[in-house]
Amino acid sequence: MQMCAPVRHPSWVSSRRLFEQKLSELQKCTNLSHVKQVHAQILKANLHQDFYAAPKLVAAFSLCRQLALAVNVFDQVQHPNAHLYNTLIRAQIQNSQTSQAFFTFFNMQGNGVCPDNFTYSFLLKACSGKSWLPVVQMIHTHIEKYGFCSDIFVPNSLIDSYSKCGPLGITSAKKLFTVMDERDIVSWNSMIGGLVKAGGLVEARRLFDEMPERDAFSWNTMLDGYAKAGEMIEAFELFEKMPERNVVSWSTMVSGYSKAGDMDMARMLFDKMPVKNLVPWTVIISGYAERGLANEASIFYDQMEEAGLKPDDGTIISILAACAESGLLGLGKKVHASIERTRFKCSTQVSNALVDMYAKCGSLDKAFAVFDGIAKKDSVSWNAMLQGLGVHGHGKKALQLFARMKQEGFFPDKVTFIGVLCACTHAGLVEEGLHYFHTMEIEYGIVPEVEHYGCVIDLLGRGGRLDEAFRLVHSMPMEPNCVIWGTLLGACRVHNAVELAGEVLDQLVKLAPSDPGSFSLLSNIYAAAGDWDGVANVRLRMRSTGVQKPSGASSIEVDNAVHEFTVFDESHPQSEKIYQMIGRLVQNLKQVGYVPKVHS
DNA sequence: GTAGGGTTAG
């Protein structure tokens, strides 16, 4: 143990032992006043420069989310060693001050303290999931210079970080994996995980088969690869072969079937699971909710609570997102009530999910109420609310919220502008939309991406300015994708631009030859123009390419049950009454002067 | 250091 000022004194020795015990107790302590108390005692004993005490205090303050206090402890130490620097770096990363962590890293070297394997592991962890390939490469260069690849932890973290940097990263990861002179089971597992994430399932399986030995991570990683790709036959085969299955293996299977839309299999496996935690409950409830099966989702939610499991942020966010997607306002409200019953306050992320759920379900007042109650709003909160107003046609209100967002010191991001442009489109504010599009880069430093072009093309197209929309598509700095062409095709249909529509379809077929939506849209355009040869032609092309259009459906939730309808549908038990009501509504509409558009 | 559920995006 390193000491700054060695003092040999019997009473000191005993007080030191006492402090060591107190400090080791701080490891999981999130009670700030307790940490402050220990800190005060350390200061009183003049042990704040101690190389054992200081890192413990930095870590404890970090755990209490008090980064400033952690930095303060660090600053009190005159000559920090690598351990203390590492602890500060980790504290900064834990409190999402990643750039500060890198600043500390450079400071450390400036002060002549050599980074070690811990330093690199922490920094690499900070890069994970961020696609910071240049940063990972920089760290890699450092590591090569200092030779820490001899510690197997370091190259393993590098493989993992590279794997999370997209296709270029996976190439670097593979290169590193090949030249490693020693590999342990984690090296193999990380490499397989990287390949799976990059979509290289076959390659991942080859590596999996080549492994000298496999552990639960290896099996579960491979299993998840198949499950995420929707290859449930392969997944099931592997699942059957597994020597041991844990809760992760079972959850992966339940999730895979749920994502593939096979709720029966998901349910069967869920019922067979020997041990369940929050994850499989989340998966099964969200799975039902995503499919609009409000009753099942609701029953399982009750069962989860009855089983004594208290939903965490992940569970709540996942279920609310599913409710938002399928419009399950009833279940969303129930989850909201359950949060209010069981929680003192909820996190920004949970509130954001609530705002989004209420907004998507059309309860804009409730969305606003939750939004206004968020003490620490983030950009997601603003974007969700803005989007909610926008898509429901409250363009002016959305733009007012955008102004308020700036007033309150928040910086708009690329998602904000999608919301703003979308709001303009739905409220017919073409000029305003164009203004925001043209100023987003100059005034806000946000370079328009293909999604923004999509919004503006929609804005122009719906506004009847098809020529301008076409010119924009041709002058875009990136290749138009099928979303762009699809938007344009939709605009052609609204404005009966038959010739343009033909051109657009050619582009669409090149990009997505099997998408039935575009064919039927074109067919409708020809039909609207009375061009029956055109219609026949499209039908022929559809048949020759084997494309079939599934019929569209509308759904509505009444008393926790979702009712689905397709065109000319008579399957609903109350079908007769429903059509009677439609008839009455049409009569009423006609009386107030509505003329239905019958030719398309 | 590696595996399962997670808010905003036409």
Side-chain angles (χ1 to χ4, degrees), chain A residues 117-118 120-122 124-125 128 151-161 163 184-194 196 215-225 227-228 246-256 258-259 277-287 311-322 324 347-357 359-360 378-388 390-391 413-419 421-422 425-426 449-459 461-462 481-484 486-488 490:
Chain A
N117 41 349
F118 285 95
Y120 295 123
S121 295
F122 294 159
L124 285 169
K125 183 127 208 191
S128 81
D151 177 353
I152 192 90
F153 271 62
V154 175
N156 285 354
S157 315
L158 265 175
I159 288 177
D160 183 53
S161 303
S163 300
D184 68 359
I185 200 159
V186 179
S187 331
W188 286 87
N189 290 345
S190 302
M191 192 64 243
I192 289 171
V196 160
D215 64 5
F217 284 87
S218 332
W219 286 94
N220 288 340
T221 305
M222 201 60 238
L223 200 64
D224 189 48
K228 286 240 160 71
N246 61 17
V247 63
V248 177
S249 332
W250 286 92
S251 305
T252 306
M253 291 302 288
V254 176
S255 169
S258 168
K259 290 242 158 66
N277 61 16
L278 273 179
V279 176
W281 281 102
T282 307
V283 172
I284 202 85
I285 298 167
S286 312
D312 66 1
D313 279 18
T315 304
I316 289 167
I317 291 168
S318 176
I319 298 172
L320 288 175
S347 68
T348 300
Q349 285 136 299
V350 165
S351 304
N352 291 348
L354 278 169
V355 171
D356 183 51
M357 183 276 295
K360 289 231 173 81
D378 63 10
S379 58
V380 176
S381 329
W382 290 96
N383 293 347
M385 194 62 239
L386 201 118
Q387 188 92 30
V391 297
D413 61 17
K414 57 182 187 176
V415 183
T416 315
F417 278 98
I418 290 171
L421 294 171
C422 180
T425 303
H426 286 266
E449 292 178 18
V450 68
E451 290 86 354
H452 300 103
Y453 280 92
C455 292
V456 178
I457 286 153
D458 198 25
L459 180 79
R462 285 187 203 230
N481 58 18
C482 46
V483 175
I484 299 279
T487 308
L488 213 44

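Letters A, B, ... are given to chains in the order of the sequence lines, protein chains preceding strands, and every chain is numbered from 1.
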Would you indicate what [X] reaches in the nucleic acid, counting non-hydrogen atoms under 4.0 angstrom: base, sugar-phosphate, or nothing?
X	result
A:Ser251	base
A:Val254	nothing
A:Val186	base
A:Asp413	nothing
A:Gly454	nothing
A:Ser121	nothing
A:Gln387	sugar-phosphate
A:Asp224	sugar-phosphate

ask   = Does a donor on one side chain and an acceptor on the other come within less than 3.5 Å for A:Asp160 and A:Ser163?
value = no

request  = Assess the side chains of A:Asp313 and A:Ser347: does a donor N or O sit below 3.5 Å from an acceptor N or O?
outcome  = yes

inquiry  = Determine whether a donor-acceptor pair (N or O, by modelled atom type, separation under 3.5 Å) exists between the side chain of A:Ser255 and the backbone of A:Ser251.
reply    = no

Separation of atom [atom1] in [X] from atom [atom2] in [N], rounded to whole Å:
X	N	atom1	atom2	value
A:Asn189	B:dT2	CG	P	11 Å
A:Met253	B:dG5	CE	P	14 Å
A:Glu449	B:dT8	CD	C1'	14 Å
A:Leu459	B:dA9	CG	C1'	17 Å
A:Asp458	B:dA9	CG	P	15 Å
A:Leu223	B:dG5	CG	P	11 Å
A:Asp378	B:dG6	CG	C1'	14 Å
A:Ile484	B:dA9	CD1	C1'	13 Å

[options]: which one has an atom nearest the side-chain heavy atoms of [X]?
X	options	result
A:Lys259	B:dT2, B:dG6, B:dT8	B:dG6
A:Asp356	B:dG10, B:dG6, B:dT8	B:dT8
A:Lys360	B:dT7, B:dA9, B:dA3	B:dA9
A:Val248	B:dA9, B:dG4, B:dG5	B:dG4
A:Asn220	B:dT8, B:dT7, B:dA3	B:dA3
A:Thr282	B:dG10, B:dG5, B:dT7	B:dG5
A:Val283	B:dT2, B:dG5, B:dG4	B:dG5
A:Val380	B:dG4, B:dA3, B:dT7	B:dT7
A:Cys455	B:dG10, B:dT7, B:dT2	B:dG10

query = OP1 or OP2 of B:dA3 less than 4.0 angstrom from a side-chain nitrogen or oxygen of A:Lys228, does that happen here?
reply =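 Negative; the distance criterion is not met.
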
query = Looking only at side-chain N and O atoms, does A:Lys414 come under 4.0 Å of OP1 or OP2 in B:dG10?
reply = no

Determine whether a donor-acceptor pair (one donor, one acceptor, N or O, separation below 3.5 Å) exists between the side chain of [X] and the base of [N].
X	N	value
A:Thr487	B:dG10	yes
A:Thr315	B:dG5	yes
A:Asp312	B:dG5	yes
A:Asn277	B:dG4	yes
A:Asn383	B:dA9	no

task = Go through the structure and list residues passing side-chain hydrogen bond (donor to acceptor under 3.5 Å, both in side chains) with A:Thr282, not counting sequence neighbours.
result =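 With neighbours one apart ignored, the set is A:Thr315.
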
ask   = Could you state the interatomic distance from OG1 (A:Thr416) to CD (A:Gln387), rounded to the nearest 0.5 Å?
value =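 One finds 9.5 Å between OG1 of A:Thr416 and CD of A:Gln387.
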
ask   = Taking side chain as C-beta onward, heavy atoms only, is A:Asn220 less than 4.5 Å from A:Asn246?
value =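 SC-SC contact between A:Asn220 and A:Asn246 confirmed.
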
Without placing hydrogens or testing angles, list every side-chain donor-acceptor pair under 3.5 Å for residues 184-191 of chain A, not counting sequence neighbours.
residue  : atom : partner  : partner atom : Å
A:Asp184 : OD1  : A:Asn156 : ND2          : 3.1
A:Asp184 : OD1  : A:Val186 : N            : 3.1
A:Asp184 : OD1  : A:Ser187 : N            : 2.9
A:Asp184 : OD1  : A:Ser187 : OG           : 2.8
A:Ser187 : OG   : A:Asn156 : OD1          : 2.8
A:Ser187 : OG   : A:Asp184 : N            : 2.9
A:Ser187 : OG   : A:Asp184 : O            : 3.2
A:Asn189 : OD1  : A:Ser218 : OG           : 2.8
A:Asn189 : ND2  : A:Ile185 : O            : 3.4
A:Asn189 : ND2  : A:Asp215 : OD1          : 3.1
A:Ser190 : OG   : A:Val186 : O            : 2.9

